[in-house]
Amino acid sequence: MIDITKLTKQADNKLILRGIDLKVKKGETLAILGPNGAGKSTLLKIMAGLIKPTSGLVKMKGLDLRKNANEVKKSIGYLPHASLLYDHYSPLENLVFFGKLYRVDNAEERAIQLVKEVELSYFLHDPVKNFSRGMIQRIAIARAIIHNPEILLLDEPHTGLDQGAMTILNNVILSMKEKGTTTLMVTHDFKQAAEICDRIIILKNGKIVDDFTVKDQSLGMVTEKYKIQMEGVS
């Protein structure tokens with residue numbers, strides 16, 4: 001589904017990504033961990049087609065992202081730090097707008113369904129500008145999946161969510177997984193990564209320093225592996 005080879009990104013004479021090699025299978029849920037400045041968000045932005053790599057190859061669904069950007073982007077749902085929602089629009093208006101951009105059939109019906117899934121139906125017609133950070137994040141997640149993407153790219157999706165909202169988000173991600181969606185999630189929340197991801201990579205100084213399968217949703221294993229890479233503990 002995703003095949004990244006020798007990917008680099010340089011900006012302002014600084015090498016942010018240093019030869020990333022990564023393969024992700026269809027339907028796999030992958031967490032990307034690492035300290036600030038490791039290149040996590042940059043990697044996601046390149047995959048979303050928002051910025052171009054300095055060198056290397058990104059193939060998604062067998063297509064070269066550089067040569068087939070428009071075709072690949074149709075298959076991607078992207079949640080950055082910003083919600084990308086229009087403040088003066090309601091959840092329904094926002095989701096219908098983005099649904100129509102992606103040419104979703106029955107966009108209004110799909111929007112109402114998603115607002116129900118993120119448990120905000122009571123606020124369906126209220127302007128987003130009046131929402132809390134957690135509520136905005138829930139609608140932003142619905143926006144990212146309005147078109148049932150085959151690939152889901154999430155940049156710290158649990159930020160600003162209380163425990164209940166985290167559970168809702170995790171259920172949405174797992175529901176998408178059941179449909180065969182491939183998910184990559186940048187996160188600082190080891191607990192959420194351990195609970196919902198099949199596999200974890202750790203980025204440090206622009207390189208993948210560990211790549212492992214999560215066993216039995218073990219938070220302890222994830223924490224220990226991260227500690228080893230960050231502190232050099234053997």
[X], [Y]: one ILVMFWY side-chain cluster at the under-4.5 Å cut-off?
X: Val172; Y: Val186; answer: no
X: Leu169; Y: Leu184; answer: no
X: Tyr86; Y: Ile141; answer: yes
X: Ile146; Y: Ile168; answer: yes
X: Val104; Y: Ile139; answer: yes

List the atom of [X], the atom of [Y], and the distance in Å for their closest heavy-atom pair.
X: Thr182; Y: Lys26; result: OG1-CA, 3.3 Å
X: Glu119; Y: Arg138; result: O-NH1, 3.6 Å
X: Ile76; Y: Tyr102; result: O-OH, 3.9 Å
X: Asp126; Y: Pro91; result: O-CD, 3.0 Å
X: Leu84; Y: Phe98; result: O-CZ, 3.2 Å
X: Ala31; Y: Thr187; result: CB-CG2, 4.4 Å

Can you tell me how far apart [atom1] ([X]) and [atom2] ([Y]) are? Round to the nearest 0.5 Å.
X: Met47; Y: Met60; atom1: CE; atom2: CE; result: 4.0 Å
X: Ile32; Y: Ile200; atom1: CD1; atom2: CD1; result: 11.0 Å
X: Ile201; Y: Asp211; atom1: CD1; atom2: CG; result: 6.5 Å
X: Thr183; Y: Leu153; atom1: OG1; atom2: CG; result: 8.5 Å
X: Thr42; Y: Leu50; atom1: OG1; atom2: CG; result: 11.0 Å
X: Met185; Y: Leu44; atom1: CE; atom2: CG; result: 11.0 Å

If only atom types and distance count, is the side chain of [X] paired as donor or acceptor with the main-chain N or O of [Y] below 3.5 Å?
X: Glu93; Y: Ser90; value: yes
X: Asp198; Y: Thr29; value: yes
X: Arg143; Y: Asn94; value: no
X: Arg18; Y: Asn205; value: yes
X: Thr181; Y: Met176; value: yes
X: Asp162; Y: Ala165; value: yes
X: Thr167; Y: Gln163; value: yes
X: Thr223; Y: Leu219; value: yes
X: Glu195; Y: Gln192; value: no
X: Lys40; Y: Gly34; value: yes

Inset, instruction - Give a yes or no on whether Gln113 atom CD has more than 12 heavy-atom contacts from other residues, nucleotides or ligands under 6.0 Å away. - result: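 Above 12, so yes.
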
Legend entry - Heavy-atom neighbours of Lys100 NZ exceed 12 at 6.0 Å: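 For Lys100, atom NZ is not crowded (no more than 12 foreign heavy atoms under 6.0 Å).
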
Inset, instruction - Just do the side chain to side chain contact (heavy atoms under 4.5 Å, CB included) check on Ile112 and Leu92 with the steps written out, would you? - result: CA-CA 7 Å; Ile112 292 170; Leu92 180 60; 3.8 Å; yes

Please examine the side chains of [Y] and [X], heavy atoms only from C-beta on, and report whether any two atoms are closer than 4.5 Å.
X: Glu28; Y: Ile2; answer: no
X: Ile46; Y: Leu7; answer: yes
X: Ser75; Y: Lys61; answer: yes
X: Ser132; Y: Gln137; answer: no
X: Asn171; Y: Glu117; answer: no

Legend entry - Ion pair check, Lys59 and Asp64, cut-off under 4.0 Å: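 Asp64 and Lys59: not salt-bridged.
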
Inset, instruction - Salt-bridge test for Lys204 and Asp210: reply yes if a basic N is under 4.0 Å from a carboxylate O, no otherwise. - result: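 No, this pair does not count.
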
Inset, instruction - Quick one: do Thr159 and Arg133 satisfy side chain to side chain contact (heavy atoms under 4.5 Å, CB included)? Show the steps, please. - result: CA-CA 9 Å; Thr159 301; Arg133 165 64 180 158; 4.0 Å; yes

Between [X] and [Y], do the side chains contain an N or O donor and an N or O acceptor separated by less than 3.5 Å?
X: Asp189; Y: His158; result: no
X: Thr54; Y: Thr8; result: no
X: Asp21; Y: Thr5; result: no

Legend entry - Check against side chain to side chain contact (heavy atoms under 4.5 Å, CB included), Ile20 and Lys9: CA-CA 10 Å; Ile20 299 290; Lys9 179 61 180 178; over 6 Å; no

Inset, instruction - Return the orientation label for the Phe97 and Tyr89 ring planes: parallel under 30°, perpendicular over 60°, tilted otherwise. - result: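 Because their plane-to-plane angle is over 60°, the rings of Phe97 and Tyr89 count as perpendicular.
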
Legend entry - Ring-face cation of Lys225 near Phe212 (centre distance under 6.0 Å, axis angle within 45°):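 Checked: cation-pi criterion met.
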
Inset, instruction - Assess whether side chain to side chain contact (heavy atoms under 4.5 Å, CB included) is satisfied between Val58 and Arg66, documenting all intermediate values. - result: CA-CA 8 Å; Val58 178; Arg66 279 191 170 183; over 6 Å; no

